[in-house]
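Below: the structure, in structure tokens.
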There are 4 protein chains.
Amino acid sequence: MPFDEIFVADAMREAVSDQAWLEAMLATEAALARAQARVGLIPAEAAHEVAEDCRAERHDLAALAHEARSAGNPVPALVAAARSDWFHEGATSQDIVDTAAMLVARRALQLIRVDLDGVAATCARLAEEHRETPMAGRTLMQRAEPTTFGLKAAGWLVAVLDARDWLLALRLPVQLRGASGTLASMPGHGPAVLAELARELDLEEPVLPWHANRMPPATLGAALAVTAGALGKIALDIELLAQTEVGEVTSGSGESSSMPYKRNPVEAIRVRACARRVHVAAGLLIGGVPEHEHERAAGAWHAEWTPLSEALACTGGAATAAREMLEGMQMHSERMRENLGDSDPAPHVAAAALLVDRALGRYRG
Amino acid sequence: MPFDEIFVADAMREAVSDQAWLEAMLATEAALARAQARVGLIPAEAAHEVAEDCRAERHDLAALAHEARSAGNPVPALVAAARSDWFHEGATSQDIVDTAAMLVARRALQLIRVDLDGVAATCARLAEEHRETPMAGRTLMQRAEPTTFGLKAAGWLVAVLDARDWLLALRLPVQLRGASGTLASMPGHGPAVLAELARELDLEEPVLPWHANRMPPATLGAALAVTAGALGKIALDIELLAQTEVGEVTSGSGESSSMPYKRNPVEAIRVRACARRVHVAAGLLIGGVPEHEHERAAGAWHAEWTPLSEALACTGGAATAAREMLEGMQMHSERMRENLGDSDPAPHVAAAALLVDRALGRYRG
Amino acid sequence: MPFDEIFVADAMREAVSDQAWLEAMLATEAALARAQARVGLIPAEAAHEVAEDCRAERHDLAALAHEARSAGNPVPALVAAARSDWFHEGATSQDIVDTAAMLVARRALQLIRVDLDGVAATCARLAEEHRETPMAGRTLMQRAEPTTFGLKAAGWLVAVLDARDWLLALRLPVQLRGASGTLASMPGHGPAVLAELARELDLEEPVLPWHANRMPPATLGAALAVTAGALGKIALDIELLAQTEVGEVTSGSGESSSMPYKRNPVEAIRVRACARRVHVAAGLLIGGVPEHEHERAAGAWHAEWTPLSEALACTGGAATAAREMLEGMQMHSERMRENLGDSDPAPHVAAAALLVDRALGRYRG
Amino acid sequence: MPFDEIFVADAMREAVSDQAWLEAMLATEAALARAQARVGLIPAEAAHEVAEDCRAERHDLAALAHEARSAGNPVPALVAAARSDWFHEGATSQDIVDTAAMLVARRALQLIRVDLDGVAATCARLAEEHRETPMAGRTLMQRAEPTTFGLKAAGWLVAVLDARDWLLALRLPVQLRGASGTLASMPGHGPAVLAELARELDLEEPVLPWHANRMPPATLGAALAVTAGALGKIALDIELLAQTEVGEVTSGSGESSSMPYKRNPVEAIRVRACARRVHVAAGLLIGGVPEHEHERAAGAWHAEWTPLSEALACTGGAATAAREMLEGMQMHSERMRENLGDSDPAPHVAAAALLVDRALGRYRG
């Protein structure tokens, strides 16, 4: 909460804001009505009425949030505010909140991917440009045999590509079980509405509703934690290389109020702070899987919302900061060479280049 | 983020808000100037100037937050906005942010304690009133020998008292090392300023600055996690007792939009959701201890701010909801007796009463 | 450590034992020599010599473990004990330990999969048999509209299938970077040896060595946590259904020393205990990603070994216990019906059956 | 599990071994009988019989462990093996296991404290000896104003003293509620037996049994995590100072098989690996608090045993390694001075000395 503008860019802050959640819930209600109309469960007109109710400007966010307290979730207040009798027809609160969560996640993931693409592109460029730039390998925090900066960047690249592939492969399913848990509240049309709702929102159609089988948020959490972790590893390396005594890169726009000559690696710091926060938020999502009782959990579900937003926002924060960090970084190849000591880098450069090419091959597909 | 009004009461949301952090930072800057004036390091007039700069309404929170991005913390922007040359004299950003964190924590802890007192009082009342109300003991989720509801409440009580005692015993130290890390920036007066600053803010004077020795936030986190956990255990028991088939308590204001006859244990749900969130936020604070490099960490420090606010806010959320839950709960003693089956509760009631008295003795001090 | 025989079956205990790790390291060294011989880096005879050194009975596990202390890993002691000069040729300790970890993981995963298959088969059978067995749905720990036991089992099934698919899709890569980090220690043949080593051990050939890019153990950890979580959710439901007052299933071989009439749900308890342990062990693996410095981490790597074994062993423990739990469980359909109250289950049964069929369709592929 | 001799010294491995747990359980049973005899609940002779049954050599650990599987804990098998009818009189399994856990913890804590004392003594010596040894302060991983090595060591010292004080202040309570949960199984004597049992074992007498109110293991876990964390912070600093380019300390006995000139900071690595493991094990203990149902948890309790052993063992491992690390470390004061650059350290040395003296004052009490 305090000054999160430092860590999370405005677009991402918006993407996981209360307003974004509200809009996602309304989009879900509207899509549900359209889906129900399409399969003939409600009149076509009803869907239009519901769409009208789903205009975000009709809803007072602050009032809604306070009313949500007594129900434990915001949907009943949303229903109370609607005029159409078809609003939320046959649905249950969790249908709306979970589907909205997937919509919020998708929007946030799109932002994350853009920055991850930027990170990957810069890593690839660095790997290529520094394919033959020797530097000290360092194991167990001690100087070891030479490697190249290209290979280091190639290692970052492959981890980021792995993370990005995972994020892209994530299945974000709609949620729908209806008021009764079996879709019986949409008699004769349950599976059809499920399929249509998925199509409407361009989300995946799950085999079954997943109200208490929480693989989707858990897997999402795991993927975000690993993504932020891969970015955090890059930031850690850069912080280490930017140490005054090492001096192999200069990174960071950060000025010190008390020491004007100092360059603080602020972007790397932001990446690492975000990665730590994603890890614990994702831990709640993963650790929640065995705690969801029966058909809907009494607490474990409600605990997910903020950590999900936090995990998305801070993965985004890490990705944005990582991109800025890599794009703004200055390399000091001559210092890298000095730090090598007497080792002859030539055989290592040759060997490393083969590995760099493998990574670039993967990048280029 | 999404609809946190459900979980955290307005007073607590305010207590950990950006505005509260800003005010705590300004209070720290003002107190530092007063402390410095008192020991003769700066003129008395300077402290007045600084006090003027520390009026919160002079600062534009949103602008400040965005400017904070480039430094990685909000203090440099605060300094830039100040008019007095004595503002932030000899201090470093972390002095201000860490001390402010302790002030924010103190205010939040006061709110928490009020609710914990309420929880303890209700537990004590229940323990006393139900000193001889037999009910089934339940071990490993199976009915076991009889116990009393009084003893169950007494168990909750003792855990809450343990938690409260821990919170009350927490040491919240000021932070001060100065621009240079050794208090050399306040030459000849370092320790004196440290002592005065502690006195000004009524915080503890630490033996040493703790910029990278993070026992204070870690211990605070642990105490919050255990507190929220003790409350979560009560909520879990109540959810279990309120199950339709058990029916020994009725709890909850929660109405279901789809099933109007249903009473959802919304307060218990809020407690449990909050307890899960505190656990992971506190985990970051505890897990950060070994990750703070040298004299100030490059990421592990920055990662603490939101989780600290979250741990405080959600412990408060758990305490408020637990109080509401216990105060609003209806007991069904006759159902408790029915669920006992054929067991003769008399010897258990007698034995349990001795234990209840021990707990009440502790409560009454 | 204490009495882990309670939780982890002997075969799994063996699979992650020190002996298993030793054998996996020796298998890696032997395979490396064969791979090097095949590409012409060492004589064919050398591979035979190394194979001789890799007979586990030549090594004294206890002595090895103690010698390993000074190096921080067991490989140097292994090398010291070998007679052939070709043993560990051009390799580094982490090549061996990481590849061995993947071999240990594979063996453990095979055991896990067998039990998961058993769990899935029983879930599928229950879903089918109880396709029309009505029971109370329960949301927020309160009785809600009817569902069927078949649909509940189908929900478990789909989560277990998701988990199993993930485990089956996991990529377990060999590790090889050589003494120098660039495969330069196997000049001219690095990538070829990497490919041959992967083939020899039937592990995946990674794009790059992953010594400090820890996606493989992190992803493995995440998959294990989610798998154990899915099993834990089943166990939680069964514990709740087996409560004395609910009485819809009887589960558990557990006898109580003090209360002989009691049936404790021991298998479910074991599942849940294991799931909790997997979660935290996996958390270390996931959280390690951003903490691996440069080309090999000074601590974060070494921290992985026990948690990896723990996560594998306890996922196995959860899977075995879950299989036993489901196979030994007795259903009480009549009690399920009684607990429904007055609700007419017919429309819910019909609707649920459609969903059950979707799950069974997925199961049958 | 794999090669834990690397991380945990033999004495600590023994202290948390299955054998140690067995002996602690038997010590509890014997003490319970003595306590019961003293208050007149059983004949004095009975206590002698029970004492005979409590000779560890009478029990086959492996057989016991396997039999424990069906009950979910080892006590019923222990009872079955006893000859005296007074063995386990009126007790429940958890009484024995929880009290044994506290005994195991106490023994392990004694080992930890010895090493912590060693760590504190060396930190104090370093603080004193290097009271005027200037070195670069480093903030955000960049060189900052000068500090002294004495002040750095003083910071470590204070954190270690905080941790040690916490460990020393921990309350380790006996556990006793009896077969029935209310001490009714020891009619008329319950509280007296509880008090005597505490006296017999020199453990604290709790206000109430804490079978499902898990403050004791949670607080223990928190204290261990923070202790291991404080040690991990020292190790991190030393790894950073020992970096080749920094060269301000030499640390570590670790030799590299492939690079004989290299000195790996093995002790620091062991500390950091242990700290990471303690953190997650402790997390389970802390996170368990809200998950213990009713009078005994069905899973959350059973999940505690291995993590408790792991947290104790690895805190011990961290403490031992930290002591070895600090005692074996070589300081390079001249390099520290070189790394200062042009800064005049004099004012910083003077200011730091005042702080060092505060820390030493606290150390000397």
Side-chain angles (χ1 to χ4, degrees), chain A residues 137-141 144-147 151 154-155 158-159 162-163 179-184 187 190-191 207-208 212-213 215 218-219 222 225-226 228-230 232-233 235-237 240 272 275 279 282-283 286-287 289-296 298 347-348 350-352 354-355 358-359 362, chain C residues 137-141 144-147 151 154-156 158-159 162-163 179-184 187 190-191 207-208 212-213 215 218-219 222 225-226 228-230 232-233 236-237 240 272 275 279 282-283 286-287 289-296 298 347-348 350-352 354-355 358-359 362:
Chain A
R138 293 175 176 97
T139 57
L140 308 172
M141 296 287 267
E145 299 285 294
T147 184
L151 182 52
V158 169
D162 281 349
S180 66
T182 54
L183 291 172
V207 176
L208 291 190
N213 292 293
M215 310 304 268
T219 309
V226 165
K233 189 275 186 283
L236 173 60
D237 281 357
L240 290 168
R272 291 185 73 203
H279 174 59
I286 300 169
V289 175
E291 310 294 347
H292 284 253
E293 303 98 357
H294 288 314
E295 278 65 62
R296 183 179 316 161
H348 303 281
L354 298 179
L355 292 171
R358 291 167 68 99
R362 158 112 194 255
Chain C
R138 292 177 175 96
T139 57
L140 307 173
M141 296 288 265
E145 299 285 294
T147 183
L151 182 53
W156 300 340
V158 169
D162 281 349
S180 66
T182 55
L183 289 172
V207 175
L208 290 190
N213 292 295
M215 309 304 267
T219 310
V226 165
K233 189 276 188 278
L236 173 61
D237 281 356
L240 290 167
R272 292 185 71 202
H279 174 60
I286 300 169
V289 175
E291 309 295 345
H292 284 253
E293 301 99 358
H294 287 315
E295 278 65 62
R296 182 177 317 161
H348 303 281
L354 298 178
L355 292 171
R358 290 166 69 100
R362 157 114 194 254

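Lettering of chains follows the sequences in order, A, B, ..., and the numbering in each one begins at 1.
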May I ask you to name which of [options] has the most heavy-atom pairs under 4.5 Å with chain C?
| options | answer |
| --- | --- |
| A/V226, A/T219, A/V207, A/I286 | A/V207 |
| A/A275, A/A228, A/G283, A/A225 | A/G283 |
| A/P290, A/A351, A/G190 | A/P290 |
| A/P146, A/A212, A/P187, A/P347 | A/A212 |
| A/E291, A/H294, A/K233, A/M215 | A/H294 |
| A/M141, A/E295, A/R362, A/H292 | A/E295 |

Looking only at heavy atoms, which two atoms of A/V289 and C/A230 are closest? And how far apart?
-> CG1-N, 3.4 Å
Heavy-atom closest contact (A/A144 atom, A/T139 atom, distance) | CB-OG1, 3.6 Å
Side chain, backbone, both or neither: which part of A/A350 has a heavy atom under 4.5 Å from chain C?
-> neither
Verify, without hydrogens or angle tests, whether C/E293 (side chain) and A/D237 (backbone) share a donor-acceptor contact under 3.5 angstrom.
-> no
List the steps and the verdict of side-chain contact (heavy atoms from CB on, under 4.5 Å) for A/R138 and A/L240.
-> CA-CA 11 Å; A/R138 293 175 176 97; A/L240 290 168; over 6 Å; no
Dump the intermediate steps for side-chain contact (heavy atoms from CB on, under 4.5 Å) on A/L355 and C/L183, then the final yes or no.
-> CA-CA 9 Å; A/L355 292 171; C/L183 289 172; 4.0 Å; yes
Heavy-atom contact with chain A under 4.5 Å, split by part of C/A163 | both
Chain A: which of C/A352, C/G229, C/A218 shares the most heavy-atom pairs with it under 4.5 Å?
-> C/G229
Verdict with reasoning, C/V158 to A/N213, per side-chain contact (heavy atoms from CB on, under 4.5 Å) | CA-CA 8 Å; C/V158 169; A/N213 292 293; over 6 Å; no
Just how far is it from atom CH2 of C/W156 to atom CG of C/L151, taken to the nearest 0.5 Å?
-> 11.0 Å
